[in-house]
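Down below is the structure, laid out as structure tokens.
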Amino acid sequence: DGGITQSPKYLFRKEGQNVTLSCEQNLNHDAMYWYRQDPGQGLRLIYYSQIVNDFQKGDIAEGYSVSREKKESFPLTVTSAQKNPTAFYLCASSFGTGVGQPQHFGDGTRLSIL
Amino acid sequence: AQRVTQPEKLLSVFKGAPVELKCNYSYSGSPELFWYVQYSRQRLQLLLRHISRESIKGFTADLNKGETSFHLKKPFAQEEDSAMYYCALSLVQGAQKLVFGQGTRLTINP
């Protein structure tokens, strides 16, 4: 089953620790996105990237960092500065950035604090 | 500010009954809207988009700019329609950013 692969499925973080969530896509999509989902809330955009070596902050970027060194990969690091990291994280990609381009989602990573 | 509101967190209807999931948006520009769906143990996926004016799995959604709404409708609900539904507004600001509603969990009772 190709498309977007997120790993790990579950991740635990200790206090003061940085953790990195992996997102890989084999759809040849240019744009990639990271969302955070909390119970009872919709998805909120953390970071997005239109092309390699370029990324932009979303609505809730504080405490997170990303890189886009390869077209296929868009890892998200949850830093110790993120005070409330427990959430479900979804990665997505789209072929282009034009209006109407659907986004394709991964299965998500659930991050919890030890 | 751009916002998408889905007023119902939970919606339960009987099989064969009509279903309507409400979505209202706040956006000063020309909106492009989507419905995404997540079935049990599956990933979030696109159901339909406003610009395509399509019907997917019997669902339709009409953009009403006067009421700033994009409600999702199906005349006869089926048990396999049980899922989490998200309405999303597309903002093209360099990249296609999506603003999501809180989601509605639809349960179809037999």
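Numbered from 1 within each chain, the chains take letters A, B, ... in sequence-line order. On a predicted model such as this, the values are computed, not experimentally measured, just so you know.
Residue with the most contacts toward chain B among A/Gly106, A/Gly108, A/Gly58: A/Gly106 (heavy-atom pairs, distance under 4.5 Å).
Contact of A/Asp59 with chain B is made through the side chain alone, with heavy-atom distances under 4.5 Å. Heavy-atom distances place both the backbone and the side chain of A/Leu43 under 4.5 Å from chain B.
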Check: Where do B/Gln42 and A/Phe105 land on the side chain to side chain contact (heavy atoms under 4.5 Å, CB included) test, with the steps shown first?
Finding: CA-CA 10 Å; B/Gln42 293 187 29; A/Phe105 287 84; over 6 Å; no
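B/Phe70 and B/Tyr85 fall within the same hydrophobic cluster, defined by Ile, Leu, Val, Met, Phe, Trp and Tyr side-chain heavy atoms under 4.5 Å apart, directly or through other members. Neither A/Tyr48 nor A/Ile60 shares a network with the other; the hydrophobic side chains, linked directly or stepwise wherever heavy atoms of I, L, V, M, F, W or Y lie under 4.5 Å apart, form separate groups for each. In the hydrophobic cluster analysis, where Ile, Leu, Val, Met, Phe, Trp and Tyr join through side-chain heavy atoms closer than 4.5 angstrom, B/Leu44 is grouped apart from A/Ile46. Hydrophobic clustering of Ile, Leu, Val, Met, Phe, Trp and Tyr side chains at less than 4.5 Å, counting indirect connections, keeps A/Val78 apart from A/Tyr35. Connection of B/Ile56 to B/Leu72 is established within a shared hydrophobic cluster, with ILVMFWY side chains joined at heavy-atom distances below 4.5 Å, either directly or through further cluster members.
More than 12 heavy atoms of other shown residues, nucleotides or ligands fall within 6.0 angstrom of atom CZ in A/Phe88. The environment of NZ in A/Lys71 is crowded: more than 12 heavy-atom neighbours from other residues, nucleotides or ligands sit within 6.0 Å. In the displayed structure, A/Glu62 atom CD is contacted under 6.0 Å by at most 12 heavy atoms of other residues, nucleotides or ligands.
Residues A/Ile4 and B/Arg43 approach most closely at O-NH1, 3.2 Å, considering heavy atoms.
The side-chain heavy atoms of A/Gln103 and B/Leu98, taken from C-beta on, include a pair separated by under 4.5 Å.
The stretch residues 99-110 of chain B places B/Phe100, B/Gly101, B/Gln102 near chain A, each with some heavy atom under 4.5 Å from a heavy atom of that chain.
Remark: A/Asp54 engages A/Gln50, A/Ile51, A/Gln56 in a side-chain contact (heavy atoms from CB on, under 4.5 Å) (not counting sequence neighbours).
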